[in-house]
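Below: one structure, written as structure tokens.
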Amino acid sequence: PIIVRSGTSAVLHPIACDSNRRLRSWIAAAHSKGTPVSLKRLTCESLFTSFTPAIFGPSFPSAEIYDDYVAVDDNAYKLFSPALSLFAFHTQAAQRRMQARIAQYLQPWLETGGAADLPGVSEPGNAMLRAFATSKLSPTDQAGSIQAYLWGMYSSTARILFWVLAHLLC
């Protein structure tokens with residue numbers, strides 16, 4: 001398996017197994033079609049679908065938002081430019097879908113008033129969720145905050161991991 005089972009905690013073990021299952025399925029589908037497996041997609045998606053549940057728990061919609069996350073990440077410069085934002089229809093739509101899905105993830109927990117930590121969510125993840133429960137941020141802004149957190153934590157790491165593996169494989 002890509003992710004070694006030994007040494008994983010009881011909480012992370014199901015996440016690791018699910019990540020392995022998705023990764024193997026994707027590689028097998030690409031192989032059966034004769035399609036090359038993209039090293040960038042392999043490293044970045046593996047990292048994203050492993051990292052996000054480790055922080056935000058197994059109910060976080062990692063696989064569902066990955067493609068939208070990539071679309072926003074690849075075209076974020078369009079969102080920040082007044083002139084280019086007029087032409088960023090697909091990027092804006094991807095951002096709205098991603099934020100709506102993250103807001104759905106947050107909703108059941110926010111309904112409890114943030115009184116208890118969620119099982120399977122890391123301490124930093126629970127701390128962020130507790131802060132959301134006491135904030136006056138809208139669900140869209142809370143989802144945007146998680147998006148910004150993911151962007152800061154994941155984007156640089158994914159690019160570094162890709163280039164490290166590319167250099168090792170050359």
Chi angles and distances behind the ring pair (Phe, Tyr, Trp, His ring centres under 6.0 Å) call for Tyr149, Tyr154: CA-CA 8 Å; Tyr149 178 81; Tyr154 164 80; over 10 Å; no
side-chain contact (heavy atoms from CB on, under 4.5 Å) assessment of Glu45 paired with Val70: CA-CA 9 Å; Glu45 186 169 357; Val70 170; over 6 Å; no
Stepwise side-chain contact (heavy atoms from CB on, under 4.5 Å) check, Asp117 with Arg130: CA-CA 8 Å; Asp117 287 350; Arg130 281 191 303 273; 2.4 Å; yes
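Contact check on Arg101 versus Asp68 returns no salt bridge, with no Lys/Arg side-chain nitrogen under 4.0 Å from an Asp/Glu carboxylate oxygen. Taking the charged nitrogens against the carboxylate oxygens, Asp67 and Arg97 have no contact shorter than 4.0 Å, which rules out a salt bridge.
Distance CG/Leu110 to CG/Leu129: 7.5 Å, rounded to 0.5 Å. One distance of note links CE of Met153 with CG of Leu47; it measures 10.0 Å at 0.5 Å rounding. To the nearest 0.5 Å, the span separating OG1 on Thr49 from OH on Tyr66 amounts to 8.5 Å. Here the straight-line distance linking atom CZ of Arg96 with atom OG1 of Thr91 works out to 10.5 Å at 0.5 Å rounding. For the atom pair Tyr105 OH and Ile146 CD1, the distance stands at 6.5 Å (nearest 0.5 Å). Put simply, CG on Leu150 and CZ on Phe48 are 5.5 Å apart, with the number rounded to the nearest 0.5 Å.
In the hydrophobic clustering of this structure, Met128 groups with Trp151; members are Ile, Leu, Val, Met, Phe, Trp, Tyr whose side-chain heavy atoms approach within less than 4.5 Å, directly or through other members. One hydrophobic cluster, built from ILVMFWY side chains closer than 4.5 Å, holds both Met98 and Phe80. Both Leu165 and Phe51 are assigned to one and the same hydrophobic cluster, defined by single-linkage of ILVMFWY side chains at heavy-atom distances under 4.5 Å. Following chains of ILVMFWY side-chain contacts shorter than 4.5 Å, one can reach Trp163 starting from Leu169, so the two form part of one hydrophobic cluster. Placement of Ile160 and Leu168 within a single hydrophobic cluster is found when ILVMFWY residues are connected by side-chain heavy-atom separations under 4.5 Å, directly or transitively.
Gln99 contributes no side-chain N or O that, together with a main-chain N or O of Ala143, makes up a donor-acceptor pair within less than 3.5 Å. A donor-acceptor contact shorter than 3.5 Å links the side chain of Ser50 to the backbone of Ser46. A donor-acceptor distance shorter than 3.5 angstrom exists from the side chain of Arg159 to the backbone of Ser155, with no hydrogens or angles considered. Side chain of Ser156 to backbone of Gly152: no donor-acceptor contact under 3.5 angstrom is found. Looking only at distances, a side-chain donor or acceptor of Thr43 sits under 3.5 Å from a matching main-chain atom of Lys40.
Nearest heavy-atom pair, Pro58 versus Gly120, reported as atom, atom and distance to 0.1 Å: CD-O, 4.0 Å. Across all their heavy atoms, Val121 and Ile55 have their closest contact at CG1-O, 3.3 Å. What you find for Leu137 and Gln142 is that their closest heavy atoms are O-NE2, 3.2 Å. Taking all atoms of both residues into account, the shortest heavy-atom contact from Ser32 to Ala29 is OG-O, 2.9 Å. Of all non-hydrogen atoms in Ser62 and Pro53, the two that sit nearest each other are OG-CD, 3.3 Å.
Thr52 and Tyr69 share no donor-acceptor pair across their side chains, judged by distance under 3.5 Å alone.
Contact of the Gln92 side chain with the Lys78 side chain is not registered, since no non-hydrogen atoms from C-beta on lie closer than 4.5 Å.
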